[in-house]
Every structure is written in structure tokens, then in C-alpha cells.
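In what follows, every heavy atom counts, from backbone to side chain, and hydrogens, waters and symmetry copies are set aside. So you know, we letter chains A, B, ... as the sequences are listed, proteins then strands, and number each from 1.
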Protein chains: 2
Amino acid sequence: MLSMDQFIQVCREKGLNVTYQRMIIYKYLMQSKEHPTAEDIYRRVKEEYPSISLATVYKTLETLAEHQVITKVTALHDLARYDADTSPHHHLVCIHCRRVQDIYNEELNKLPIDLEAIPDFKVQRYRIEFEGICSQCQANLQKKQRA
Amino acid sequence: MLSMDQFIQVCREKGLNVTYQRMIIYKYLMQSKEHPTAEDIYRRVKEEYPSISLATVYKTLETLAEHQVITKVTALHDLARYDADTSPHHHLVCIHCRRVQDIYNEELNKLPIDLEAIPDFKVQRYRIEFEGICSQCQANLQKKQRA
DNA sequence: ATTCTTGCAAACGGTTTGCACATAC
DNA sequence: GTATGTGCAAACCGTTTGCAAGAAT
């Protein structure tokens with residue numbers, strides 16, 4: 001999380017123009033603890049700067065995420081996906097082709113943490129998402145590099 | 001994962017009519033290892049039963065997920081959400097109000113598993129999502145129960 | 001002066017909905 | 001026979017895009 005000065009500096013380093021819109025969007029996102037949606041941000045930021053458009057909010061968020069100044073929490077979940085297997089297991093998500101595979105591992109089903117001890121939150125289940133590159137995409141990428 | 005006979009039985013128990021559409025959708029979902037989208041399922045199932053409609057696929061998947069016969073892998077990710085904090089941390093997702101909070105815990109950043117050893121997949125990072133009920137929703141639910 | 005960004009409105013695409021017909025029970 | 005589910009088309013809504021005007025460098 002960056003101070004406003006750091007934010008400006010990072011934008012400069014990455015060749016992003018520093019605009020008022022970008023600053024207030026970042027400022028609000030920084031203050032928020034609840035991972036707001038674009039719509040949430042738009043509503044709040046509009047109070048301070050009524051002429052801002054929703055499209056700008058979307059574009060700004062995507063730009064900042066691309067440059068890794070912020071994170072898109074739901075990066076890999078643009079489409080609803082279903083699974084006939086309701087038993088406990090976790091997922092390997094290919095950031096390239098976006099396919100989702102299962103991973104079964106007993107160790108992963110007993111995390112080294114006391115779930116009861118999380119304050120103010122009653123955990124019912126958890127899910128681990130491993131992000132990476134699947135074998136098929138690894139092969140394709142190597143092919144491309146050689147070409 | 002259920003055999004076809006078990007699937008039929010479970011539907012009956014839950015008061016769901018057993019239709020040919022539901023059976024082929026479940027059959028395909030069961031066979032698939034890649035957590036297909038509704039569109040994926042529609043395309044494949046249409047080959048076997050060309051008159052099926054996309055709306056039926058959506059309705060069936062939602063119905064089966066509600067009754068916990070299948071799982072919606074991306075259940076909590078209907079909207080894109082952003083985070084100004086790019087440091088390693090995990091998420092508490094309230095299944096009720098859908099808010100997402102952070103959880104910082106060093107133990108969770110070193111999982112008891114050899115990430116290099118996952119076959120055919122190069123893991124770059126992972127993210128744990130704890131699903132449960134946040135304190136605010138716990139309070140609200142208790143209020144409702146008393147009423 | 002040039003390049004990047006904004007704001008608007010229109011388009012897009014995944015998902016949901018209303019309703020008449022068909023099917024399961 | 002009644003309740004439930006299906007298929008179609010239209011609506012919906014979050015998100016993206018094209019483009020002309022404006023701002024940052």
C-alpha cells in the first residue's frame with residue numbers, strides 16, 4: 001500500500017500519467033478494507049468528483065492492475081464454473097487459458113492455523129487456488145519462444 | 001460424485017423432478033475435469049440433445065448447486081473486486097453479504113506442500129479463500145432468529 | 001506538440017426472467 | 001390433474017469499446 005507521494009512516483013516510473021481521477025480512485029481503494037467493486041468505487045468517488053464516469057473507473061482499475069499497482073481479487077473468475085465433485089479439494093487455475101483443474105491433497109485439507117481463532121468470522125470451509133501455468137500452456141509458450 | 005442411479009435418487013429426495021436434460025447435464029459435468037462454464041456444457045450437451053436451450057442449462061446448474069448436488073466453483077465472484085494491497089495475504093469471504101476481508105497470517109504463506117512437486121503445473125502463487133459468515137451477518141442472523 | 005486519459009454513448013456478452021407449452025409425478 | 005421444468009425471446013447488468021474533447025508531460 002503506497003502513500004500518495006509513492007503512488008505518484010510509481011505512476012511516473014511506469015509511464016502512467018498522474019491524473020486527479022487516478023489519485024482519488026487509488027486513495028479510496030487504499031482506505032477501503034472491503035475490496036470494493038468498480039461500481040462501489042464509482043459511487044464513492046463521484047461524491048468528491050461528480051463528473052467522473054464509470055468507464056474511467058473501470059479503465060483506471062484495469063490499468064493499475066496491469067501495472068501491478070493494485071490487485072484484482074477476482075482476476076480469474078470472469079465466468080461461472082461448475083463442478084460435480086463436492087468433496088473437499090482445491091484448484092489449479094491456469095492464468096493463461098483459464099482452465100481450472102482439481103488438486104487432491106490431504107495435507108491441504110488441514111491447514112496450520114486454528115480456524116476457530118479467526119476473529120469475528122465463522123469459517124465454514126476454505127478453498128485454495130493455485131495460480132500458474134498448466135502443462136499445455138507451458139508447451140505452447142515454449143513453442144512460441146523458439147519461433 | 002454420484003452414479004447416475006444415485007443422482008436420480010438424490011433428486012427424488014430433494015423433490016427435484018428427474019428430467020432427461022438434468023441427467024445429461026449432470027452426466028457431462030461428472031465426466032469433465034475442467035470445471036466447465038454453462039456455455040461449455042451447453043455446446044457439448046447440445047450434440048446429444050439438440051433441442052436443449054442455454055437457459056435450461058443455466059437454470060439446471062443453479063438448481064443443482066442450490067441443492068448442493070454440484071458446486072459452483074466461482075460462487076462468490078460475480079463481480080470484479082479490487083485491492084490496493086498487493087502484499088501476500090488471504091481472504092475471508094462472507095457468503096451472506098459477499099464482502100471480502102483480508103487475513104494476514106505468516107503460517108498461511110508457507111503451506112505444508114511442495115509446490116514444485118505438483119505434476120504438470122507451474123505454481124506462481126496461491127490464494128486461500130475462507131468462506132463463512134462475518135460478524136455483522138452473524139449478528140443480523142441471530143436477530144432474525146430471535147424475531 | 002505529442003501522447004495519454006477522460007467521458008459519453010453505444011455495443012457486448014454472460015446471465016436472468018416471463019411466459020406458454022410440455023413433462024414428471 | 002397438478003406441480004414442476006423447458007425453451008424461446010426479450011430484458012438485464014456488469015463490463016468494454018470507439019471516438020472526440022481534454023489534460024499531462
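Heavy-atom neighbours of Gln124(B) CD from other residues, nucleotides or ligands within 6.0 Å: above the threshold of 12. Other residues, nucleotides and ligands contribute more than 12 heavy atoms inside 6.0 Å of the NZ atom of Lys14(A). Heavy-atom neighbours of Gln6(A) CD from other residues, nucleotides or ligands within 6.0 Å: above the threshold of 12. For Glu106(B), the CD atom sits in a loose shell: 12 or fewer heavy atoms of surrounding residues, nucleotides or ligands are nearer than 6.0 Å.
Computed from C1' positions of five pairs at each end, the angle between the two local axes of the helix from dA1(C)-dT25(D) to dC25(C)-dG1(D) equals 40°, rounded to 10 degrees.
Rounded to whole angstrom, the span from the CZ atom of Arg98(A) across to the P atom of dG14(C) amounts to 12 Å. In this structure, Arg22(B) places its CZ atom 11 Å from C1' of dT23(C), rounding to the nearest Å. Atom pair Leu79(A):CG and dC12(C):C1' shows a separation of 13 Å (rounding to whole Å applied).
Protein chain B contacts DNA chain D over a range whose 5' and 3' limits, counting nucleotides with an atom under 4.0 angstrom from a non-hydrogen atom, are dT4(D) to dT15(D).
No side-chain donor-acceptor contact under 3.5 Å links Thr19(B) and Asn17(B). No hydrogens or angles considered: a donor-acceptor pair under 3.5 Å links the side chains of Ser87(B) and Asp85(B). Looking at His77(A) and Asp78(B), their side chains never bring a donor and an acceptor atom within 3.5 Å of each other.
In this structure the side chain of Leu2(A) never reaches within 4.5 angstrom of the side chain of Ile8(A), judged on heavy atoms. In this structure the side chain of Asp83(B) never reaches within 4.5 angstrom of the side chain of Leu29(A), judged on heavy atoms.
Remark: Arg127(B) engages Glu131(A) in a salt bridge (charged side-chain N to carboxylate O under 4.0 Å, His left out) (not counting sequence neighbours). Under the side chain to side chain contact (heavy atoms under 4.5 Å, CB included) criterion, Lys143(B) pairs with Asn140(B), Arg146(B), sequence neighbours left out. Taking Gln101(B) as the reference, Phe121(A), Leu92(B), Cys134(B) meet the side chain to side chain contact (heavy atoms under 4.5 Å, CB included) condition, with sequence neighbours excluded. Legend: residues meeting ring pair (Phe, Tyr, Trp, His ring centres under 6.0 Å) with Tyr126(B), ordered by chain and number and at least two apart, are Phe130(A), His90(B).
Taking all atoms of both residues into account, the shortest heavy-atom contact from Ile41(A) to Val57(A) is CG2-CG1, 4.0 Å.
Across residues 63-71 of chain A, not one residue has a non-hydrogen atom less than 4.0 Å from an atom of DNA chain D. The stretch residues 23-48 of chain A has no heavy atom under 4.0 Å from DNA chain C, so no residue of it qualifies as close. Listed by residue number, the members of residues 1-15 of chain B with any heavy atom below 4.0 angstrom from DNA chain C are Arg12(B). Within residues 51-61 of chain B, the residues approached by DNA chain C to less than 4.0 Å at the level of any non-hydrogen atom are Leu54(B), Ala55(B), Tyr58(B), Lys59(B), in residue-number order.
Taking 4.0 Å as the cut-off between side-chain N and carboxylate O, Lys27(B) and Glu48(B) count as a salt-bridged pair.
Applying the side-chain hydrogen bond (donor to acceptor under 3.5 Å, both in side chains) test to pairs two or more places apart or on separate chains, those with a residue in residues 65-75 of chain A are Glu62(A)-Lys72(A).
Along DNA chain D, the nucleotide nearest to Gln21(B) and the one nearest to Ala80(B) differ in position, and the one closer to the 5' end is contacted by Gln21(B). Residue whose closest nucleotide on DNA chain C sits further toward the 5' end, between Asn17(B) and Tyr49(A): Tyr49(A).
Residues near Tyr104(A) contribute nothing to a hydrophobic cluster around it, because no ILVMFWY side-chain heavy atom sits closer than 4.5 Å to its side chain.
Under the 30°/60° scheme for interplanar angles, the aromatic rings of Tyr20(B) and Tyr49(B) are found to be tilted.
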